[in-house]
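Shown next, in structure tokens, is the structure this report addresses.
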Protein chains: 2
Amino acid sequence: MSLRHALLGLLANRSASGYDLLKSFETSLANAWPATQSQVYGELGKLSAEGLLDVTAEGPRGRKEYSITESGRAELRHWLVEVEPERVRRSSMLLRVFFLDTLAPEEARTYLTAQAEVAAERNAGLRALEANVPWDGSPLSVYGRVALEYGLRLSQMQRDWAEWAAEQVTPPTT
Amino acid sequence: MSLRHALLGLLANRSASGYDLLKSFETSLANAWPATQSQVYGELGKLSAEGLLDVTAEGPRGRKEYSITESGRAELRHWLVEVEPERVRRSSMLLRVFFLDTLAPEEARTYLTAQAEVAAERNAGLRALEANVPWDGSPLSVYGRVALEYGLRLSQMQRDWAEWAAEQVTPPTT
DNA sequence: CAACTCATGTAACCAGTTACATGATTCA
DNA sequence: TGAATCATGTAACTGGTTACATGAGTTG
């Protein structure tokens with residue numbers, strides 16, 4: 001049930017169309033909660049049917065502008081302060097680790113160093129993003145920075161772990 | 001498509017029944033790829049229909065013992081060495097961060113310190129697990145340790161990040 | 001013999017992905 | 001006027017969760 005709260009959260013800042021929201025999912029939210037077009041339009045319909053959103057304007061090309069209602073704000077707040085976030089549980093990258101014993105040690109090591117490389121690239125990508133965003137002191141920018149920092153620390157940790165793990169597999173011949 | 005590979009991976013080490021496999025998903029794989037009973041039985045049926053598994057014994061209470069076939073091993077290997085792991089993308093914990101600006105700073109800080117606490121508890125839980133497992137040098141134990149280390153580093157990083165983030169929100173009055 | 005564990009299976013539902021389908025407006 | 005962008009919607013499918021249903025064998 002997080003998609004609806006993502007929509008409510010975006011619309012809490014400013015009213016927008018499905019098309020506008022979609023772009024937020026492809027950019028800022030891409031690393032926290034991506035969503036597809038069909039999902040967004042479908043959920044907007046349900047949210048307005050339930051009175052959490054209103055259509056407050058209609059523009060060219062059938063554009064509908066959605067605005068959050070009071071009960072929408074209440075639902076968002078409830079989700080933020082009362083509902084415990086579910087932990088992320090699934091990682092096919094980590095699942096593979098359990099089965100590396102079915103490969104030759106050299107192959108297992110190749111897998112782990114490749115993962116280190118993926119994490120390093122992701123870290124570099126986020127650093128580039130960090131450099132391109134204007135970090136004024138606005139509230140949105142503060143929390144955006146906090147979220148980005150999570151990605152930076154995560155990718156760094158993954159890189160360090162994968163390099164360490166690769167060493168565990170074929171220890172340097174002593 | 002990772003569930004089937006998790007099953008193949010478990011059966012690559014030893015033949016087992018659906019019931020046996022289910023227990024692996026509740027214990028060792030719980031933190032990498034959990035699965036439910038209905039999912040496991042369903043997938044075992046599909047895998048044997050496709051010839052990746054065979055039923056090699058039947059026991060009391062309708063127990064069926066599944067064994068991996070050669071094409072099952074080939075598929076597992078393919079998945080391990082050729083298929084790029086998909087990155088984990090969804091975190092409702094992180095999604096909430098984007099919308100903390102709709103709360104009072106004090107409430108946002110409460111959220112972040114609570115997340116630090118959750119991560120600390122999880123780290124402690126994994127440490128306890130680490131102490132209770134016999135870490136002989138067996139291949140399974142080596143890779144199990146590597147996976148556990150991932151959890152330890154992740155929870156530590158999450159704790160550090162959440163504490164740092166909480167400080168960003170209401171900086172100590174200077 | 002009662003309670004517990006072992007053991008499998010199915011049905012309904014929910015969230016998310018991919019693909020199909022359509023058309024208006026803007027801009028070079 | 002042709003291409004790009006804006007804009008919405010639906011259908012089919014996949015993976016995962018919850019709940020229902022049944023029954024055999026084991027242990028105290």
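Proteins come first, then strands; the chains are lettered A, B, ... in the order of their sequence lines, and each starts at number 1. Predicted model only: the values in this text are computed from it and were never measured.
Residues Gln168(A) and Tyr143(B) bring no donor and acceptor atom of their side chains to less than 3.5 Å of each other. When only modelled atom types and interatomic distance are considered, Asn31(B) and Arg90(A) share no side-chain donor-acceptor pair under 3.5 Å. No side-chain N or O of Tyr19(A) forms a donor-acceptor pair with one of Gln37(A) less than 3.5 Å apart.
A straight line from CZ of Phe25(B) to C1' of dG15(D) spans 13 Å, rounded to a whole angstrom. Per the geometry, OH belonging to Tyr66(A) stands 11 Å off C1' belonging to dA7(D), to the nearest Å. Rounding to whole angstrom units, CE of residue Met1(A) and P of dT17(D) are separated by 17 Å. Atom OH in Tyr41(B) sits roughly 19 Å away from atom P in dC20(D) (whole-Å rounding). If you take CZ of Arg63(B) and P of dA7(C), they are 5 Å apart, rounded to a whole angstrom. Between Gln37(B) atom CD and dG16(D) atom C1' the separation is 13 Å, expressed in whole Å. With rounding to whole Å, Leu7(B) atom CG is found 14 Å from dG16(D) atom C1'. Atoms CG (Leu22(A)) and P (dT17(C)) sit 12 Å apart, rounded to a whole Å.
Nearest-nucleotide assignment on DNA chain D puts the 5′-proximal partner with Ser17(A), out of Glu43(B) and Ser17(A). Map Ser2(A) and Pro60(A) each onto its nearest nucleotide of DNA chain C; the residue landing nearer the 5' end is Ser2(A).
Taking 4.0 angstrom as the limit, Gln39(A) places a side-chain polar atom (N or O) nearer than this to OP1 or OP2 of dT17(C). Between Arg61(A) and dT25(C), a side-chain N or O to OP1/OP2 separation shorter than 4.0 Å is absent. OP1 or OP2 of dT17(C) lies within a sub-4.0 Å distance of a side-chain N or O belonging to Arg90(B). Between Tyr19(B) and dC6(C), a side-chain N or O to OP1/OP2 separation shorter than 4.0 Å is present.
Side-chain atoms of Ser38(B) come within donor-acceptor range of the base of dT18(D), with a qualifying N/O pair under 3.5 Å. For Thr36(B) against dT18(D), no side-chain N or O and base N or O form a donor-acceptor pair under 3.5 Å.
Residue Lys64(B) places its side chain closer to dT8(C) than to any other of dT8(C), dT17(C), dA15(C).
A donor-acceptor pair is defined here as one N or O able to donate and one able to accept, closer than 3.5 Å; no such pair exists between the side chain of Thr56(A) and the backbone of Tyr66(A).
Because its NZ or CZ atom is both nearer than 6.0 Å to the ring centre of Trp79(B) and within 45° of the ring axis, Arg96(A) counts as a cation-pi partner of that residue.
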